[in-house]
Protein chains: 2
Amino acid sequence: MSLGDRKRTILRAVIIDYIDTAEPVGSRTIAKKYEMGISSATIRNEMADLEELGYLEQPHTSAGRIPSDKGYRFFVNELMELQRPSSYEIEAVRNFFDRTTIDEIDNIIKQISKVLSSITQYTSAVLSPSVKKSSVKSIQLIQMSLTDIIAVIVTDTGIVRHCKIKIPKPISSNTLTAINNMLNEKLTGLTIEDIDLSVISSIQLEMKGYNEILNSIIPVLNESLKSFDCDIFLDGTTNIFHYPEYNDIEKAKNFLSLLEHKEKLLDIFSEDDSNITVSIGKENIYDEVKDCSIVKASYKIGDKTLGKIGVIGPTRMNYAKVIGILKYLTDTLNYILKNQLDE
Amino acid sequence: MSLGDRKRTILRAVIIDYIDTAEPVGSRTIAKKYEMGISSATIRNEMADLEELGYLEQPHTSAGRIPSDKGYRFFVNELMELQRPSSYEIEAVRNFFDRTTIDEIDNIIKQISKVLSSITQYTSAVLSPSVKKSSVKSIQLIQMSLTDIIAVIVTDTGIVRHCKIKIPKPISSNTLTAINNMLNEKLTGLTIEDIDLSVISSIQLEMKGYNEILNSIIPVLNESLKSFDCDIFLDGTTNIFHYPEYNDIEKAKNFLSLLEHKEKLLDIFSEDDSNITVSIGKENIYDEVKDCSIVKASYKIGDKTLGKIGVIGPTRMNYAKVIGILKYLTDTLNYILKNQLDE
DNA sequence: ATTAGCACTCAATACATTAGAGTGCTAACA
DNA sequence: TGTTAGCACTCTAATGTATTGAGTGCTAAT
């Protein structure tokens, strides 16, 4: 069902005011501050309707109204005007990128997380590309000492990983080259999760002479790649203290404890959806964030989704601003990644 | 000046009780709970003396006493009995190490940080070895694609670093080998901070033919190594909520904000001192931690100090337990590092 | 030197009062 | 018939007041 024009205007005003002040909004405030041209009594009637329809709530009988999750949802879908980043914010993003050496994707997204939290004043989270779903672009073994070799892997998603492998006895450079070539031949183009027993045994089959050395390398390499899939970078974790909803020590504690549980955050941010998603309060699947809102977006290279970048904060979030910034930031990021990695 | 025996006993009892309960301790409590064999009135007199001497404080006239920074200091230096880790704690440490793949130092100390915060229930901080003060053990350039090479550096402190370098035009494998050899010859054994203009120009002098390619590699390499010296890993940041002194939202906020300022923490933890140090409240140099205590210890390889591992929490800290655990943990860590890296 | 006893202090708690913001309803009005 | 002025009502937040109790400091007796 669709709301009448006047109800929409009033609902929008209530939400905007509440996002701004964090105080329940009364009918007089609306009438005066937003120049509706109608009396507070009329607004009161409309607000009573809006409450009945579930868009507004009353903390107690004699208080003003605050938006419900449903209210925010309607606001996000139908009422708000997306806010373009201010020139100040655009400047801030530029500066950040200018100061960052753009080499590896991990560094880039760590920086992005910083920018995002600093200009939104919420907590930002950035999910790095999945190692498992990346494919091998190149892999090189190098000998660092008699007992150690280091494997370096570069993926199509721009991730560079190294891992140190102890070997039982010294290895000739010819052998290393041979293994190197074989690994590249067999693994290049495969995603990490595709590297299974059959691939591994096919390598071992073709390199019968090197069994002992292969057995010390491959399991370590395999485990190292698979043990550590995505990482999540947070920033602005103490930003929540800006918002009165977290003046309650219990609330703050819950929020911050969530941030310490990376697995949970990974779950929350890994959900597969493309483009920008907004989850408001109880819409969230996980209990821990049922009184938070999460806005997140995918960043990509070409049309392959690499990871997520998002913001987490109170349901009373400045959605118009956050979504605007997030759009701008992912566009910038996608552009950089494309030029950087797609060659 | 030295305190009389009875005063010492009373002071110890007050501090132990306060560390346990976080409530100001009254004379009756001491008399009853700690079976002094003297009356509360006598204890009152002694406590008044201890206050005059600066070891105890009174939040207000009709409250019990709480230890002052000076009181804690005296306790740490003279009164406390160091607490050996419980068998449960030892077990926890063992488990952690068994589950961790011990390869690179960064992984090890990240894990250590987790163990430390989990068994102390304070916030732990671990300072990684300084890159600048590490010396190059081996350096290898590898070609990943026509436009990218990756440099991998291993230091005597066990740090493995890689950095990606864009090159203007393809490079032959012979050239790469030549540069590789030269870099190793010139840099091995030098600390990173010793790599200055004179070293670099000596390399360029001896490799006149490769000037163009060297110019694209060396600055990037140099910057990458020097830009990022130590890192600090935190864990258990929300542990402070266990302690009533942080029930005040302002206090919690200050504490957590400090933790977001890595530079400050780096300063605090980098101070050069060996072995175990305890800084109590106002003894700390930095304002931000003047109502906290910090206990930290060095970890080493042989007798070279690599970094720090420590705990930060309220001045009402269980010093006896924390110091005991920290001793045990650094011993374990030093042992592992020695076997792992010193070959 | 120690201790019992007592008057005193002060934070914390509970309770009562008030002020004010905001509502819902009714009746009058355009 | 939709809008509005007006008013009684509700409920929180703020403020003031009394009470309680833990703990002290001092004094006088042991």
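Within every chain, numbering begins at 1; the chains are lettered A, B, ... in the order of the sequence lines, protein sequences first and strands thereafter.
- In the set D:dG23, C:dG24, C:dT23, C:dG24 carries the atom at the smallest distance from any side-chain atom of A:E51.
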Identify every side-chain donor-acceptor pair in residues 28-38 of chain B under 3.5 Å, counting partners at least two apart or on other chains, and give the distances.
from, atom 1, to, atom 2, distance (Å)
B:K33, NZ, B:D17, OD1, 2.6
B:Y34, OH, B:D17, OD1, 2.7

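- Evaluation of the side chain to side chain contact (heavy atoms under 4.5 Å, CB included) rule for A:K114 yields A:F96, A:D235 as partners, not counting sequence neighbours.
- Taking the side chain to side chain contact (heavy atoms under 4.5 Å, CB included) definition, one finds that A:K262 meets it with A:I232, sequence neighbours left out.
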Review item, nucleotides 2-5 of chain C N/O atoms under 3.5 Å of protein N/O:
from, atom 1, to, atom 2, distance (Å)
C:dT2, OP1, B:R6, NH1, 2.9
C:dT2, OP2, B:R6, NH2, 3.1
C:dT3, OP2, B:S39, N, 3.1
C:dT3, OP2, B:S39, OG, 3.4
C:dT3, OP2, B:T42, OG1, 2.4
C:dT3, O5', B:S39, OG, 3.4
C:dG5, O6, B:R44, NH2, 3.3

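- Using modelled atom types and a 3.5 Å distance limit, the side chains of B:S293 and B:T315 yield no donor-acceptor pair.
- Within 6.0 Å of atom CD in A:E263, more than 12 heavy atoms from other residues, nucleotides or ligands are found, so the atom counts as buried in its surroundings.
- Within residues 12-20 of chain A, no residue has any heavy atom under 4.0 Å from DNA chain C.
- Partners of B:E23 according to the salt bridge (charged side-chain N to carboxylate O under 4.0 Å, His left out) rule, which considers only residues two or more places apart in sequence or in another chain, do not exist here.
- The distance from atom CE of B:M47 to atom C1' of D:dG23 is 9 Å, rounded to the nearest whole Å.
- Legend: residues meeting side chain to side chain contact (heavy atoms under 4.5 Å, CB included) with A:I285, ordered by chain and number and at least two apart, are A:E271.
- For the pair A:I30 CD1 and C:dG22 P, the interatomic distance rounds to 10 Å; values are reported in whole Å.
- One interatomic measurement links the two molecules: CG of B:D49 to P of D:dT24, which rounds to 13 Å at whole-angstrom precision.
- Near DNA chain D, meaning a heavy atom under 4.0 Å from it, residues 56-67 of chain B has B:Q58, B:T61, B:S62, B:A63, B:G64, B:R65 in order of number.
- Look at CG on A:L50: it is 15 Å from C1' on C:dT23, rounded to the nearest Å.
- Residues forming a salt bridge (charged side-chain N to carboxylate O under 4.0 Å, His left out) with B:E245 (at least two apart in sequence, or on another chain): B:R316.
- Separating the CD1 atom of B:I43 from the P atom of C:dA1 is a distance of 18 Å, rounded to the nearest angstrom.
- Every residue two or more places apart in sequence or in another chain was checked for a side chain to side chain contact (heavy atoms under 4.5 Å, CB included) with A:T61, and none qualifies.
- The salt bridge (charged side-chain N to carboxylate O under 4.0 Å, His left out) search around B:R44 returns none, not counting sequence neighbours.
- Under the rule for a salt bridge (charged side-chain N to carboxylate O under 4.0 Å, His left out), the partners of B:K321 that lie at least two apart in sequence or sit in another chain are B:E89.
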